[in-house]
Amino acid sequence: TIQVRRKGFSRLAAGPNDVLFEADEPLSKLTASVAIAGADPVEVALSPRADDLFAATLEVPAGTRGGKAVITLSTEDSSGHAAGAESVLEIDGVAPPAPAAVVASPSGERAVLVKWTAIPEEVLGYRVYRATSENGLAAGRIADALKETRLSDPATEERVYFYAVSAVDLAGNESKLSRPVRVLAD
């Protein structure tokens, strides 16, 4: 996320997931561009927000495995004075390990309790996938951003289901799916 305060141009600071640009005077023009992992710069639209900020979200292309994002801001105040700044963010392109020890068991009438072991790094959350065959798991996400290492799933039919779990780290990288587990919801 890029956040720009609407008060002239004074500093550009990069955090692990965002860039903050603060300014001293009202701006008449503001542009931003980003070059990710050595690619050509792309202009980024900055949208005004009610809290006196401009904001934009940077999308890191899928498959980017680390590198740098070079963010360039340029501005012009009402007197025509121009200024610019550049900031570099490191891109974490390394996926976390998949959750281990996934267990699924019937839990009441047509419900399944899925549990797993937390991974050893801090995560945004876990994703749970369900399908009626192992091959369909990747397209069967049923839960997202879970903070706990368990999910009670109200399965809709009495049948065999397969479950798998993935972890999403603080940089948004998703792990591979865990080893699938099979359960009969009854």
Side-chain angles (χ1 to χ4, degrees), residues 1-5 12-22 32-39 42 44-71 73 87-105 107 111-131 134-155 161-183:
T1 303
I2 298 176
Q3 296 183 351
V4 182
R5 296 200 185 279
L12 179 65
N17 296 311
D18 63 357
V19 174
L20 176 64
F21 164 71
E22 292 182 346
S33 66
V34 63
I36 296 177
V42 176
V44 177
L46 292 163
S47 305
R49 296 187 348 192
D51 56 359
D52 207 31
L53 290 173
F54 286 96
T57 300
L58 306 177
E59 293 292 327
V60 176
T64 302
R65 292 283 174 226
K68 296 180 187 310
V70 178
I71 300 160
L73 292 172
S87 184
V88 178
L89 291 177
E90 290 292 328
I91 298 171
D92 173 1
V94 179
V102 178
V103 176
S105 57
S107 170
V112 173
L113 179 62
V114 183
K115 297 183 196 178
W116 58 93
T117 302
I119 67 167
E121 66 181 75
E122 193 173 353
V123 296
L124 284 176
Y126 296 95
R127 293 177 177 164
V128 177
Y129 295 80
R130 177 189 70 204
E134 282 188 52
N135 295 337
L137 279 169
R141 186 184 325 166
I142 60 168
D144 202 10
L146 294 173
K147 299 296 182 192
E148 299 205 10
T149 56
R150 63 183 322 156
L151 171 74
S152 180
D153 178 31
Y161 290 100
F162 292 86
Y163 289 87
V165 181
S166 69
V168 179
D169 69 14
L170 297 177
N173 301 306
E174 183 176 8
S175 73
K176 292 183 179 182
L177 294 181
S178 66
R179 181 186 56 79
V181 294
R182 179 183 186 272
V183 65

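Predicted model only: the values in this text are computed from it and were never measured. All values below come from the heavy atoms of this structure, side chains included, with hydrogens, waters and symmetry mates left out.
- The nearest pair of heavy atoms linking Ala167 to Ile119 is CB-CD1, 3.7 Å.
- Shortest non-hydrogen contact noted between Pro96 and Asn173 is CD-O, 3.4 Å.
- Under the rule for a side chain to side chain contact (heavy atoms under 4.5 Å, CB included), the partners of Ala118 that lie at least two apart in sequence or sit in another chain are Tyr126, Thr149.
- Each salt bridge (Lys or Arg N to Asp or Glu O under 4.0 Å) pair with one or both residues in residues 114-126, not counting sequence neighbours, would appear here, but there are none.
- Listed by chain and number, the residues in a ring pair (Phe, Tyr, Trp, His ring centres under 6.0 Å) with Tyr163 amount to none (sequence neighbours excluded).
- For Arg130, the side chain to side chain donor-acceptor pair (under 3.5 Å) partners are Asp153, not counting sequence neighbours.
- Summarising the geometry of Lys147 relative to Val123, their closest heavy-atom pair is NZ-O, 4.4 Å, with the distance given to 0.1 Å.
- With sequence neighbours excluded, the residues satisfying salt bridge (charged side-chain N to carboxylate O under 4.0 Å, His left out) with Arg141 are Asp144.
- Annotation: side chain to side chain contact (heavy atoms under 4.5 Å, CB included) contacts of Glu134 (sequence neighbours excluded): Phe162, Pro180.
- Considering only residues two or more places apart in sequence or on other chains, Tyr161 meets the side chain to side chain donor-acceptor pair (under 3.5 Å) condition with none of them.
- Checked against side chain to side chain contact (heavy atoms under 4.5 Å, CB included), Val102 has the following partners two or more places apart in sequence or in another chain: Val114, Trp116, Val165, Ser178, Val181.
- Listed by chain and number, the residues in a side chain to side chain contact (heavy atoms under 4.5 Å, CB included) with Ala101 are Thr117 (sequence neighbours excluded).
- Judged as a side chain to side chain donor-acceptor pair (under 3.5 Å), and not counting sequence neighbours, Arg179 has no contacts.
- Residues Ser166 and Ser175 have side chains in contact (heavy-atom distance under 4.5 Å, counting atoms from C-beta outward).
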